[in-house]
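A note on names: the letters A, B, ... follow the listed sequences, proteins ahead of strands, and every chain is numbered from 1.
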Amino acid sequence: MQKKKYKIETKRLNFFYGDHQALFDNDLSIEANKITAVIGPSGCGKSTHLRVYNRIFELHRGQRAEGEVFIDGKDILDPGIDLLDLRRRVGMIFQKPTPFPMSVFDNVAYPIRLHFKASQKEIAERVENALRGAALWDEVKDKLRESGQALSGGQQQRLCIARAIAAEPEILLMDEPTSAIDPVGTLKIEELMDRLRERFTIVIVTHNMQQASRISDTTAFFYKGSIVEVGPTKLIFTNPRNKQTEDYVSGRFG
Amino acid sequence: MKTRATFFRKTKDSLMRAFSGFATSMALVLMAWVIFTIVREGHSSISAELFLNASKPFGEVGGGIANALLGTVMITAGAAALALPPALAAGIWLAEFGKDSLLARAARFTVNVMMGVPSVIVGLFAYGVLVTTTGHFSGFAGSFSLAILMFPVVVRTTEDQFSGIGDALRESLLALGASRARSTLTVIWSAARSGVVTGVLLAVARVSGETAPLLFTALFADTWPTSYFSGPTPSAPVLITSYTMDSPFESMHRIGWSAALTMAFILLAVNITARYFGAKRAAKRK
Amino acid sequence: MRRILDTDTAFRWFCKAGAIVGLAVAIALVAVILKESMLALRTAGFSLVFSAEWNPADGSFGAAGALAGTAATTLLALLMAVPMAFAAALFVNAAPPNVAVPVAHALDLLAAIPSVIYGMWGLFVLCPLLQSVLSRFGIEYTGFGLVPSSLVLALMVLPYVSAVMRDVLAQTPVALVESAMGVGCTRWEATWDVVVRSRKAGLLGAIMIGLGRALGETMAVLFVCGGVSAIPTGLLDGCTTIAATLANDFAEADGVHKSALFALGGILLALEFAIQATTIPLIGRRSKK
């Protein structure tokens, strides 16, 4: 059998908030065009782990990562890496929708203008594609000039997804993307993710175990900063090897 | 589609960072320059005589600034005496009783507007109220104008400090059977006190350096401030003005600089102390 | 039981009286200024605003020059102070605490120095400096007027504008900054394209506070403006402002002259009121944290 090719390979990743260590020797390999769910009780380090992939943690003083994270074979923790390009290739969706204070159109056009040399026509096409890709086009095509902050919560989150995919990333990181969204909005986002997996490698942090089991191909269980178990989602939820995993997925703690 | 080179974007980012550092240091350098100038020009004339003698009439060599400093203390203290009782009361009322009533909203709006009224205009008003009616300039009229400048600042700090205290404390006091007056004046006051004191100190320091309103009210006198209620009263800011802007004489400029140095020293000291205790209290609260 | 109610009621009324005193003083202020301006409004009328002929000796009171000087110095001061204040606010918010805290305190102290001292500094340091620098380029300049006035005003306004901007920017939700950086913005792009847009109202409020202060500042301008009551036509012209005219003329004024000064004060008061009334909703009650 041929050796599997991974999109992201994390090796011995340790993470520190000042003196406090939050991640311990994380090893995790993530396959391309799959949805990988990261689960675990609150404070277990799952968001922290995710925030290393686009180095967004560097915004905050005192946070640092040690180890190696390869994306397409290149270590992104290397200080020589082009951060702007990295963040274009690795899009991120946050817990709360964060539309920029601009129109729906400009929200999506913004990263295109930032990263590409494009004519007005090309931008308009791409914005439409991204909004279609985020299953939002039909709902907003008549209000492209209205403020992105005037949309409903679920729509705002899909707008953020459209904004992320407009930059043509390869990877989408989602940090509890539906925890602030109502059930109908959540359902739409989950359906959307199922379609997005054809084009992107998706890593999603979630509190919601049903969500993880519904949508993901692979699941990683984090506990106290360490990765306890990784495997095909079905296996993790039906027949975990580890006792802690079993307790968690069966709702005995967490 | 072609990607944009990140080089120019990063360069722009670095330039803006550099500019923000530059602008900050520029402001600090200018401040240092102002302070340096005061110290350089003012220190040579600092002497015991300066702080013991009254100023001499215009053009005469020598003389001190003691009368002006004493006058400033009197005018400022008078302003505090006039402004503090109603201002503290108004602040407490807004936080404890007024809340969102019509009168409270009107008062709050007025206080905010008063914060922006220039001190010259307050000077004009005090002139119209006290100088025209009594027929003479006076230190008291000066106090009145400074009191109006202090009033909104003190109301605002007091309201902020009092409303910053949780309702839980209030309710538990009332549940104990304490009257509203008693609980406000004792326990709640002691919780809000240090914040209010800091705010009051800063407000007093601020108005003691005001010049413009005094030109309309207290004016100046080369005597000791003996007629606070009935006649022109000297003050340090007005002395600085008349000894520098209005005078061609080098010897008067020297005294003006020394007065400026004295004022700046006292005001900076008060500010730093007040802020230091304010910051310590804020840290403690966390 | 009765006694408790009585002290409580008395206390409540005492406090309420404080608030009423504030309202009464504000109303009295407007009334007195209006009343004292009446004479000038009747005799000079609109020429007060539209004529630039200010000659108290022969009874002409046209303050257009002072109005223009006020507008010009304020505008120039803000043009210089606002970018600097914004940049300094960014610096303080981005710097590590052991740098940011002392710098912020130092900037706040700039506001603690009385304006008369800024005036002196302008008169004895800035004006001669401007004069000698320009004479090196063969330009004859008195050293007084628009340039030093707006420079000193800019320096005085900067700490106020910067402090408000600092607070406004610090209230930006972290998630918004992270998502801007997350789509690949540089720090500056995130700040300018996203943070500034989302904090527009507050930043505008900060500028308005600077505007209000610059308009009403008296002493610092009085020292360096040159006291020229004509409308300034060039950068190097001498000028005056409403506030400086008030402080300069008042001691020798009587009759219509004095009343005209009250009328000018009324104009300034109206401007400040308009500024405050628009600023309050923009920044809300900022000090309540």
Side-chain angles (χ1 to χ4, degrees), chain A residues 47 50-51 53-62 82-103 106-116 130 147-149 156-157 159-169 172-177 180, chain C residues 86-105 164-208 281-284 286:
Chain A
S47 283
L50 193 75
R51 291 162 62 87
Y53 291 168
N54 64 349
R55 282 172 64 178
I56 198 76
F57 68 87
E58 288 180 7
L59 231 66
H60 305 279
R61 216 175 296 286
D82 187 334
L83 268 185
L84 304 187
D85 190 55
L86 171 71
R87 289 180 184 152
R88 182 188 69 71
R89 287 168 41 216
V90 183
M92 189 163 204
I93 315 296
F94 296 83
Q95 193 169 352
K96 273 202 190 130
T98 51
F100 294 157
M102 21 179 126
S103 69
D106 285 336
N107 256 284
V108 185
Y110 184 75
I112 305 175
R113 294 194 184 110
L114 211 56
H115 295 290
F116 300 99
S147 166
Q149 292 169 325
Q156 286 188 12
Q157 195 62 303
L159 181 65
C160 292
I161 295 176
R163 186 175 70 197
I165 63 182
E168 313 224 313
L172 284 179
L173 308 175
M174 301 191 170
D175 191 353
E176 303 191 30
Chain C
F86 179 67
L90 288 183
F91 177 87
V92 171
N93 280 359
N98 58 346
V99 177
V101 172
V103 168
H105 279 300
V164 182
M165 284 185 166
R166 215 158 64 206
D167 285 1
V168 166
L169 290 175
Q171 286 162 13
T172 316
V174 183
L176 194 64
V177 183
E178 284 188 345
S179 49
M181 302 292 280
V183 301
C185 282
T186 61
R187 189 87 211 202
W188 169 250
E189 286 161 348
T191 304
W192 188 251
D193 294 339
V194 178
V195 174
V196 168
R197 276 173 202 244
S198 86
R199 305 280 101 188
K200 227 171 10 198
L203 293 172
L204 193 63
I207 296 173
M208 297 290 275
L282 287 178
I283 56 175
R286 183 175 64 88

Exercise. State, to 0.1 Å, how close A/F100 and C/A180 come at their nearest heavy-atom pair, and which atoms those are.
Key: CZ-CA, 3.5 Å
Quiz item: Of the listed residues (A/M102, A/R88, A/R89), which shares the most heavy-atom pairs with chain C below a 4.5 Å separation?
Solution: A/M102
Quiz item: In terms of heavy-atom proximity below 4.5 Å to chain A, should C/V195 be classed as side chain, backbone, both, or neither?
Solution: neither
Quiz item: Is it true that a side-chain atom of A/R61 and a backbone atom of C/A94 form a donor plus acceptor pair closer than 3.5 Å?
Solution: yes
Self-check item: Atom pair CE (C/M181) and CG (A/L83), whose distance is rounded to the nearest 0.5 Å
Solution: 8.0 Å
Quiz item: Contact part of A/R55 toward chain C, heavy-atom cut-off under 4.5 Å: side chain, backbone, both or neither?
Solution: neither
Quiz item: Which bit of A/L59 is near chain C, if near means a heavy-atom gap under 4.5 Å: side chain, backbone, both or neither?
Solution: both
Quiz item: Measuring from A/F57:CZ to C/E178:CD, what's the distance to the nearest 0.5 Å?
Solution: 12.0 Å
Quiz item: What closest approach, in Å, do A/N54 and C/G182 show between heavy atoms, and which atom pair accounts for it?
Solution: ND2-CA, 4.5 Å
Quiz item: Roughly how far apart are A/R163 CZ and C/S179 OG, rounded to 0.5 Å?
Solution: 5.0 Å
Quiz item: Does any heavy atom of chain A fall under 4.5 Å from the side chain of C/P173, the backbone, both, or neither of them?
Solution: neither
Quiz prompt | Shortest non-hydrogen contact between C/G184 and A/L84, atoms and distance | solution = O-CD2, 3.6 Å
Quiz prompt | From CG (A/D106) to CG (C/D193), nearest 0.5 Å | solution = 10.5 Å
Practice problem: Identify which part of A/P99 has an atom lying under 4.5 Å from any heavy atom of chain C, answering side chain, backbone, both or neither. | Solution: backbone
